[in-house]
Amino acid sequence: MAHPSSALAPAPAPAPVPGHTFSGTLGHHLARRLVEIGVSDVFSVPGDFNLTLLDHLIDEPELNLIGCCNELNAGYAADGYARAKGVGACVVTFTVGGLSVLNAIAGAYSENLPIICIVGGPNSNDYGTNRILHHTTGLPDFTQELRCFQTVTCAQAVVNNLDDAHEQIDTAISTALKESKPAYISISCNLSGIPHPTFSREPVPFFLAPKVSNYLGLEAAVEATAEFLNKAVKPVIIGGPKLRVAKAQKAFIELADASGYPIAVMPSGKGLVPEHHPHFIGTYWGAASTSFCAEIVESADAYVFVGPIFNDYSSVGYSLLIKKEKSIIVQPNRVTIGNGLSLGWVFMADFLSALAKKLKKNSTALENYRRIFVPPGMPLMREKDEPLRVNVLFKHIQNMLGGDSAVIAETGDSWFNCQKLCLPENCGYEFQMQYGSIGWSVGATLGYAQAARDKRVIACIGDGSFQVTAQDISTMIRCGQRTIIFLINNGGYTIEVEIHDGPYNVIKNWDYTGLVNAIHNGEGKCWTAKVRTEDELTAAIATVTGEQKDSLCFIEIFAHKDDTSKELLEWGSRVSAANS
Ligand code: TPP
């Protein structure tokens, strides 16, 4: 039986404050704030708790509301968008939507991406009552969704009254921007359209105070590091994923140029270190590194890791041959020198720029690298009509890349194959290495392509991952995107096969192009092809870059189930050992 109080009509919404005819509304304020921080596209799924709010977002001329097929993809799209534009936003409905988007928000948290995750919440008059609401687990407790979000967001605002709504919204948004993490904002479904004097028609702009290093700590860290590095014979610098959150890419180059040291990138930092830089020596990923890169890093007598995350994957099952006492670890707000000094409130960009001015030039390691380096070979010549090999596919993808492209690599062997692509200047690169949630790339591609309209996205997605989130190809077509998707159909979860095999790693084969054609259904521009040989691949690439250059292009590649990268084999066996 329904709780008796559920039969009661909700109390009327608070009346507008008299004498404030120019007051804005909460919905208008939120819409303007999103525009102000750089969001032009909001990814959403409607539900009765958020409909009025969506009306206000649509009313904002500088916002474009993009309806997604499900909340998980809306969250992934906001993640991809934030990677290209610095911040993203999604809007979902209470609990059924909130819990569905949660995994995407957790992913964004792990990758340090500010996403404003807005949930249409219960009527403000229902708070404090014993009512049971639909779309919940049937308990008169409205905090379940909030509690789930607490561990995957840096700020939570439950807006169920207008008096402090302005403050709550602004605090949540500015905390997300400052901390580069997602924020959760729940807006009571009856409040969006009500004017309130705290909301002016044009909100006063945010001011986010710049972070300034503790001068004394900065000086001490630079002095100690310069002394340490100026004694080294063969130092190297390795960039990691936190270069993004620290906004220190320019300072990283300053240091590379001034010091003369070779520069490498951690796998999770790919795309953040320029690969056309003359000092670039490749990816440092232990046994799965670019050849000659691990040898140079591991034989160095000092290494500067800038923004690293050492997890079981990036350390190849904790098998990196590096020593703490030879390392300088530079994190976004802390520097640690060998086994000794560790100084906080020292910001990465300030530190790298100041260090660049103190280091003696040393090109010994770079010269050694150039002396011994042998460029990688080409894939074996094919037999006539031989089935397409994955290494041949990636040779062709390499040739497609330019400064106006961006690569999105899904979790799976695409991690390893894409990692080996040499990125030309300005070519974007994204993957989700810390969280590694399969299916991420479909939503992220949607969001990234929407934010970076000047780039053509090339997404490499395994069949297993695609099965998780395929629906939002629909939204890509609806948005007129011209992404090229390479779907690698190898019939299974190959990366898992190489860690630990079993019958659970074989997946049901789908007609993937048939699925995409059905989604296309004659509306919008979409082109698909099945590719089994190199000749078919060459023809497909000519079409997608020629007559179908403005279409969403989906190329299904048939690959042998055991056609893996060499790096996956190496990495898989070490990760497997670490797991057992
Ligand atoms: N569920 C989620 C949401 N994320 C995960 N990372 C996993 C399960 C475990 N997992 C990691 S990779 C993978 C699975 C199941 C298989 C990926 O298969 P596919 O996309 O076909 O790529 P391939 O390994 O064949 O290159």
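Computation of the quantities below employed the complete heavy-atom set of this structure, encompassing side-chain atoms and omitting hydrogens, waters and symmetry-equivalent molecules. Atoms within a ligand are numbered from 1 in the order they appear, just like the ligands themselves.
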Atom indices of ligand 1 within 4.0 angstrom of [X] heavy atoms, with elements:
| X | value |
| --- | --- |
| G436 | 4 (N), 5 (C), 6 (N) |
| S465 | 17 (C), 19 (P), 20 (O) |
| S437 | 3 (C), 4 (N) |
| E496 | 9 (C), 10 (N), 11 (C), 12 (S), 13 (C), 14 (C), 15 (C) |
| D413 | 23 (P), 24 (O), 26 (O) |
| G464 | 19 (P), 20 (O), 21 (O) |
| T494 | 23 (P), 24 (O), 25 (O) |

Which segment of I507 sits under 4.0 Å of ligand 1 when only heavy atoms are counted: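 The answer is neither; I507 stays 4.0 Å or more away.
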Side chain, backbone, both or neither: the part of E410 lying under 4.0 Å from ligand 1 by heavy atom: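 The answer is neither; E410 stays 4.0 Å or more away.
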Close side-chain approach of F142 to F94, heavy-atom, < 4.5 Å: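 A side-chain contact exists here, since the closest heavy-atom pair is under 4.5 Å.
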Nitrogen or oxygen of N490 less than 3.5 angstrom from that of ligand 1: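 Checking ligand 1 against N490, an N or O pair does fall under 3.5 Å apart.
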Any carboxylate oxygen within less than 4.0 angstrom of a Lys/Arg side-chain nitrogen, looking at [X] and [Y]?
| X | Y | result |
| --- | --- | --- |
| R574 | E570 | yes |
| K270 | E430 | no |
| D41 | K85 | no |
| E534 | R389 | no |
| D141 | R147 | yes |

N70 backbone acceptor or donor facing N73 side chain under 3.5 Å: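 Judged by distance alone, no pair lies under 3.5 Å.
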Identity and separation of the nearest protein heavy atom to [atom]:
| atom | result |
| --- | --- |
| atom 1 (N) of ligand 1 | I438 CG1, 3.8 Å |
| atom 24 (O) of ligand 1 | I495 N, 2.8 Å |
| atom 16 (C) of ligand 1 | Y493 CD2, 3.3 Å |

Ring geometry between F49 and H134 (parallel below 30°, tilted from 30 to 60°, perpendicular above 60°):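 It falls in the parallel class, under 30°.
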Pair Y76 and F43, ring centroids less than 6.0 Å apart: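 Centroid separation for Y76 and F43: 6.0 Å or greater.
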Shortest heavy-atom approach to atom 22 (O) of ligand 1 - which of A559, S565, G462: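 Heavy atom nearest to atom 22 (O) of ligand 1 belongs to G462.
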